[in-house]
Number of protein chains: 2
Amino acid sequence: MPKKKSYHHGDLKNALIKAGVEILAKDGVSGLSLRKVAGRAGVSHSAPYSHFADKQALIAAISTEGFRQLYERESTVADLYADQPSKQLIEAAWAYVQFAMDDPDRFKVMFSAVLEKEKEYPEFVSESQRNFQLVRRIIEANQAAGVLRSGPSDLIALSAWGIVHGFVMLWLEGQISHAVLEKSSLRELVEFQLRQIMLD
Amino acid sequence: MPKKKSYHHGDLKNALIKAGVEILAKDGVSGLSLRKVAGRAGVSHSAPYSHFADKQALIAAISTEGFRQLYERESTVADLYADQPSKQLIEAAWAYVQFAMDDPDRFKVMFSAVLEKEKEYPEFVSESQRNFQLVRRIIEANQAAGVLRSGPSDLIALSAWGIVHGFVMLWLEGQISHAVLEKSSLRELVEFQLRQIMLD
DNA sequence: CTATAATCTTTACAGTGTCAAGATTGAGAG
DNA sequence: CTCTCAATCTTGACACTGTAAAGATTATAG
């Protein structure tokens, strides 16, 4: 890990991503500015432009890194419960929710960056597709075990992802009333949501 | 509708909300600035501060108005198919998706404004709760008709809302691959998603 | 009719993203 | 080893942003 104090930073690109994640966690998405990121990395305000075309590009890089870590967590859980499909499904969903709650603002940014920049940020696209393929594998294991209905696994994966993602989003935006939250823990709620698409 | 050209606008508050919605549709969420909104309403750049505490407050008002219109649409559909629960459910979901697609940026803003400002924007809270109660009524009708599993209607409503909302969000952020979209129309996809939680 | 409060304008300031020009330096060619 | 050049970083500038303070205008209540 180079950390000399010379004119050239050495690994500024990654340092900026890291600084961005930290600022995101501390000041939220509205507090994320290029200049603050540069400052935190100990570099002048327009140094980032040597590594990123614009602010969007930095955000895309942060998002990409986020998807990498998400995959790391999800695949670990998936491997751990590879022999118990239904548990695998629920624990993976729970890991997803936890990931979102660990750093809500980064999570939001991950899903508000790209739109149709598929051409501009190919790494982001491939990383997010890798995550979807993992979900799909989990769904197929559950179909084989009779836990989920048969049918096109990509569409069912979309359902499973959608139900969990939708729940997380509604939770993050405070749309889930206290009345509901008092009755059950978040963990129980997530499991209940998923069980809606699981066969008895 | 007063539209005189005097010093006092007459109905600036609503004019600002309207201008905001228009800018949102044209320039997207990143193009929404208080100054542009003021300009479009034909007023100086800090006139909005007579009606809104800050930019967040304007956004909250736009969101609140959005939820009002959403309720309008949803309740119309719900009334129309009141005697066919399963159709009522699917058409309501489809109306939700269409609402999001009509104006994606406004839809996003509606779900990215409040967080825990429950105290600061009570109208927003009550309006969004009104929408949830409507979903809940639809769910209860479907439970009574044996279309949905029995169980706490608030939790099942959360599932239904979550699955549709999650789908919309993933769609809006380009997370739904072309491969999936080529096989089915959006309408078919939405119906497929919902059928995951419906009994056969 | 007049005082007051609401509404709108003007002016000002600190932050922001971005660009252009220049300074510094690491790495390869000779 | 030295020279050169391209990559990297800094400085300075610009237009635009949100927001606060002070002043102008006017509707309306008393």
Side-chain angles (χ1 to χ4, degrees), chain A residues 1-20 22-24 26-63 105 109 112-115 117 120-121, chain B residues 1-20 22-24 26-63 105 109 112-115 117 120-121:
Chain A
M1 298 294 111
K3 222 184 178 184
K4 27 185 175 179
K5 245 191 175 183
S6 64
Y7 190 93
H8 287 49
H9 183 285
D11 190 25
L12 184 56
K13 185 168 185 177
N14 288 320
L16 290 172
I17 294 176
K18 188 174 162 192
E22 291 167 358
I23 290 179
L24 221 36
K26 192 154 56 96
D27 304 336
V29 57
S30 68
L32 181 73
S33 77
L34 263 185
R35 295 171 105 104
K36 229 189 279 182
V37 170
R40 178 171 256 268
V43 97
S44 90
H45 68 264
S46 66
Y49 285 89
S50 293
H51 302 274
F52 300 101
D54 51 21
K55 191 183 182 183
Q56 270 301 309
L58 205 221
I59 291 179
I62 292 175
S63 303
D105 287 285
V109 153
S112 70
V114 283
L115 238 42
K117 315 279 183 174
E120 302 185 35
Y121 309 113
Chain B
M1 295 296 110
K3 222 183 179 183
K4 27 185 176 180
K5 245 189 172 181
S6 63
Y7 191 93
H8 286 50
H9 183 285
D11 190 26
L12 184 56
K13 186 167 183 179
N14 288 320
L16 289 171
I17 294 175
K18 189 174 162 192
E22 291 168 358
I23 291 178
L24 221 35
K26 193 156 54 98
D27 304 337
V29 56
S30 68
L32 181 72
S33 77
L34 263 185
R35 296 171 102 105
K36 230 189 278 182
V37 170
R40 178 172 256 269
V43 96
S44 91
H45 68 265
S46 67
Y49 285 89
S50 293
H51 301 274
F52 300 102
D54 51 19
K55 190 182 182 183
Q56 270 301 310
L58 204 220
I59 291 181
I62 291 175
S63 302
D105 287 284
V109 153
S112 70
V114 282
L115 239 41
K117 316 279 183 172
E120 303 185 35
Y121 309 113

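Below, each value reflects all heavy atoms present in this structure, side chains not excepted, and no hydrogens, waters or symmetry copies. Within every chain, numbering begins at 1; the chains are lettered A, B, ... in the order of the sequence lines, protein sequences first and strands thereafter.
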### Query
Whole-Å distance between C:dT16 C1' and A:Gln56 CD?
15 Å

### Query
At under 4.0 Å, does any side-chain N or O of B:Ser33 touch on OP1 or OP2 of D:dT17?
yes

### Comparing B:Lys13 and B:Arg35 on DNA chain C - which has the more 5′ nearest nucleotide
B:Lys13

### Query
To the side chain of A:His51, which of D:dG18, D:dT8, C:dT7 is closest?
D:dT8

### Message
From NZ of B:Lys36 over to C1' of D:dC16, roughly how many Å is that when rounded to an integer?
### Response
10 Å

### Task
In whole angstrom, give the distance that lies between atom CG of A:Asp11 and atom P of C:dG26.
15 Å

### Separation between CD of B:Glu22 and CG of B:Leu32, rounded to the nearest 0.5 Å
12.0 Å

#### Entry: Side-chain N or O of B:Ser44 closer than 4.0 Å to phosphate OP1/OP2 of C:dT9
yes

### Atom-to-atom span, CG of A:Leu34 to P of C:dC19 - whole angstrom
11 Å

### Query
D:dG18, C:dT7, C:dT10: which one has an atom nearest the side-chain heavy atoms of B:Ser50?
C:dT7

## Note on the structure
Smallest heavy-atom separation, B:Ile23 atom then B:Gly31 atom, equals CG2-O, 3.5 Å

### Message
Side chain of B:Lys55, heavy atoms from C-beta onward: which of C:dT9, D:dG12, D:dG18 has the nearest atom to it?
### Response
D:dG18

### Message
Filter on salt bridge (charged side-chain N to carboxylate O under 4.0 Å, His left out), then keep only pairs touching residues 52-61 of chain A, sequence neighbours left out; what's left?
### Response
none

### Task
Write down the distance between OH (B:Tyr49) and C1' (C:dA6), rounded to a whole number of angstrom.
18 Å

## Note on the structure
In terms of heavy-atom contacts, A:Leu34 and A:Pro48 come closest through CD2-CB, 4.2 Å

### Message
Tell me the closest heavy-atom pair linking B:Gly20 and B:Ile62, and the distance in Å.
### Response
CA-CD1, 3.9 Å

### Query
Over how many whole Å does the gap from A:Leu58 atom CG to C:dT18 atom C1' extend?
14 Å

### Task
Would you mind reading off the distance between A:Phe52 atom CZ and C:dC19 atom C1', rounded to a whole angstrom?
18 Å

### Rounded distance in Å - NE2 (A:His45) to P (C:dA20)
14 Å

